[in-house]
Each structure stands twice: as structure tokens, then as C-alpha cells.
Novice: 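Submitted below is the structure of interest, expressed as C-alpha cells.
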Amino acid sequence: MTEAATTPARPRVLSGVQPTGALHLGNWLGAIRNWVDLQDSHDTFFCVVDLHAITVPHDPRRLAEDTLSTAALYLACGIDPQRSTVFVQSHVSAHSELCWLLNCVTPLNWLERMIQFREKALKQGDNVSAGLLDYPVLMAADILLYDADRVPVGEDQKQHLELARDIAQQRINARFAPDGEHPILKVPEPLILKEGARVMSLTDGTSKMSKSDPNEGSRITLLDPPEVITRKIKRAKTDPVMGLEFGNPERPEADNLLGLYALLAGRSREHAAAECASMGWGSFKPLLAEATVEALRPLQTRYLELRSDPATLQQVLRAGRERAAGVATATLERVRAALGFLERG
Ligand code: TRP
């Protein structure tokens, strides 16, 4: 780590993505691209949350490879291991340990009312694990272990961050450090990211681009080859109106694809809107496909380089684990002491 990255004056940020399936344009434009910018001003921790990936039925033959490819994609997107701590959640056992301690102070009904749990549980019918209910407590452990000042969150994760704050404040600090002594856990703030990067599905402009949509044509993954990108865009949902525009509630697909074009071609929204105002879908789609292919090209090249050198990637994850474990262990010990556990001799 460089000197600057460890200076305590830099507020700390932590975030993570699950290694379930390939990362897509929504993950990149909505999250990881912003992480890259945060590296200049924050002490940044980025983990691949593999323990979260097993809260729904998973394929053990894919978990390790998906974890590695997600880490490589972080780096390919511009996360710089010299400035950021990049690691795998399950490599730092403090995540599971703090999760248990937090479990025992978190009211069950706080978890039962989580919107994402309700939605996922509904989809899965009878086959819901205790881990799925516990998902937000594990996420709270991820955040609280690192004394994160800020957590970049989209709309769908706000409730989980709120839960992490409530656990830290009401269930740990208020109970176990009641006299306004030094609080045990830092209470994190949400970091609301600049808007304009909410990427919607290619097949339905009103729902978010998602890894779990069974229709692969609904998303462009970061590793899709040019011909796949072109085909998915060609088949993307359109409407019968001529000309692209922003903000027309009747035309969510136009808004989404024009927004993607602006981001991927590096145009301002005004510029993109003016350029495409009288363009038919037939001319717009190849333009968008071209912009997407070109925007992903350097990232894909870098990814292949990283994957061709497994030793280096492994070294990055090992160094990340060591730095992460140092911070996490200190927090875990603080919580253990506050809860009254016997010291490890
Ligand atoms: N639940 C987050 C998501 O699906 C992933 C996540 C796990 C996370 N732990 C985290 C995000 C800690 C931020 C901080 O997007």
C-alpha cells in the first residue's frame, strides 16, 4: 500500500459485488465505474462477496471461477490494487464471526421485513435458507468490520445499509458502550452516487438490468464478444416512435438506450440527445452497438491479460486479504471484548 492510501484522514469506503454470473453494464456504469473515481479521495476496500453468493442455491463447480473472474473484472475496470484493498470476503474469516455476534443482537422482525428478502423468498417458494434471511446481517458485518465511513449504495441496497446503521448504533454501541464511551462500531453513512447511471433491461425499459433475469438478452455482460453485443442490441425492445429522447414516460426504452449511448460514447446527455433526436431506431442501434463494443474493448483486453497471469492475480488477492484481515481482526476483537468474551490467550 502507498503512504497516501493508509492515511487515516481519507474517509474509508467499502463495497462489494456477488460473484454470481457475469458482471454487466449495470454493475459497471452504476457501481464499479464510480468506485474507480473514489480511489482518488478515499481509502477504498472492495470485496467479492462470495459468502453472499451461497444464500441462494449455487453451483459449487462455478463459485471459485466466478469469484476469480469478478476480482479480475474489478481490476480490468480500473480498480488499482496499489490504491485499493481488493479481497475475497470468505478469505477473511472475521466476516462470518462478526456476522454471528451481530445475529445474536439483531431482532428477527428487522430481517423479516427486508424488502429484498421478501422478494427473493417469494420467488423461491419453499426453498428459502436461513442464510437468505441473514444476508443483510452478513452485509452489516462486511461494512462494520472496516469502520467504513461511507458505503456507495443504489436504491435497492439502501434498506440494508440502514439496517447496518441500526445494528451498530442501537444494538451494539447503545447497549455495550452506553456511557458515551468510545463507540465500538462506526456508524456508516450512505454515499449517494451521481445519478444517471441506473441501467435498465434491454428487454424492458422499466426494470433494472439484472444478473438474475432469466433472459440473457436483457443484459450485456462485460465479457460479451462484439457479435453478441451487436445481436443483443439489435433485438433490444424499441417503440414505434422515430427519434431518441430522454424523459418521456411513455418511452422508457428510448430513455435507457439513449442514456447508455451517452455514457458509453462519452457524450454529455445534451449532446447525445441532440445527435439522436431525429434518428430512427435502425440507425441508432448500430451506433449504440459500436459505442458499446469500443467502450468494452480496453476492459476486455485488460481482463484477458489478467487472466493469463494467474500468479499476479493471486498475489493481489493475497495482499488484499492480509490488509483486510488486519483491519477486520482489530474490529472483531473490539466487539468480542465489549460483549465480554474471554480473551484469546
Ligand atoms: N448486497 C450487495 C448487493 O447485492 C452486495 C454487498 C454485500 C455489499 N456486502 C456489501 C455492498 C457491503 C456494499 C457493502 O449489491
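Atoms within a ligand are numbered from 1 in the order they appear, just like the ligands themselves. Counting begins at 1 with the first residue of the sequence. For the numbers below, each heavy atom of this structure counts, side chains included, while hydrogens, waters and symmetry mates do not.
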Novice: Do the side chains of D40 and R83 get close enough for a salt bridge, i.e. N-O under 4.0 angstrom?
Specialist: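 Yes.
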Novice: For residues R318 and Q315, is any side-chain donor paired with an opposing acceptor at under 3.5 Å?
Specialist: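 Per modelled atom types, R318 and Q315 side chains form a pair under 3.5 Å.
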Novice: Show the nearest heavy-atom pair for residues R171 and F176, with the distance to one decimal.
Specialist: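 Scanning both residues, the minimum pair turns out to be O-CE1, 3.5 Å.
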Novice: Please state which protein non-hydrogen atom is closest to atom 2 (C) of ligand 1 and give its distance, to 0.1 Å?
Specialist: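 For atom 2 (C) of ligand 1, the nearest protein heavy atom is Q157 OE1, 3.5 Å.
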Novice: Where on L138 is there a heavy atom closer than 4.0 Å to ligand 1, on the side chain, on the backbone, on both, or on neither?
Specialist: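 Neither; no heavy atom under 4.0 Å.
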Novice: Pair D204, K237 - check salt bridge (Lys or Arg N to Asp or Glu O under 4.0 Å), show working.
Specialist: CA-CA 7 Å; D204 172 7; K237 187 173 175 198; 5.1 Å; no
Novice: So which protein heavy atom does atom 9 (N) of ligand 1 come closest to, and at what separation?
Specialist: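 For atom 9 (N) of ligand 1, the nearest protein heavy atom is D142 OD2, 2.7 Å.
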Novice: Indicate whether any N or O donor in one side chain lies under 3.5 Å from an N or O acceptor in the other, for S84 and Q39.
Specialist: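 Indeed, the side chains of S84 and Q39 share at least one donor-acceptor pair under 3.5 Å.
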Novice: Around atom 1 (N) of ligand 1, find the nearest protein heavy atom and jot down its residue, atom name and distance.
Specialist: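 Here the nearest protein heavy atom works out to Y135 OH, 2.7 Å.
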Novice: What protein heavy atom sits nearest atom 13 (C) of ligand 1, and how far off is it?
Specialist: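 Checking every protein heavy atom, the shortest distance to atom 13 (C) of ligand 1 gives S15 OG, 3.6 Å.
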Novice: Find all atoms of ligand 1 within a distance of less than 4.0 Å from any non-hydrogen atom belonging to G16, and give their numbers and elements.
Specialist: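 Listed by number with element, the hits are 5 (C), 6 (C), 8 (C), 11 (C), 13 (C).
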Novice: Which ligand 1 atoms does V49 reach within 4.0 Å, using its non-hydrogen atoms?
Specialist: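 So the atoms of ligand 1 that pass are 7 (C), 9 (N).
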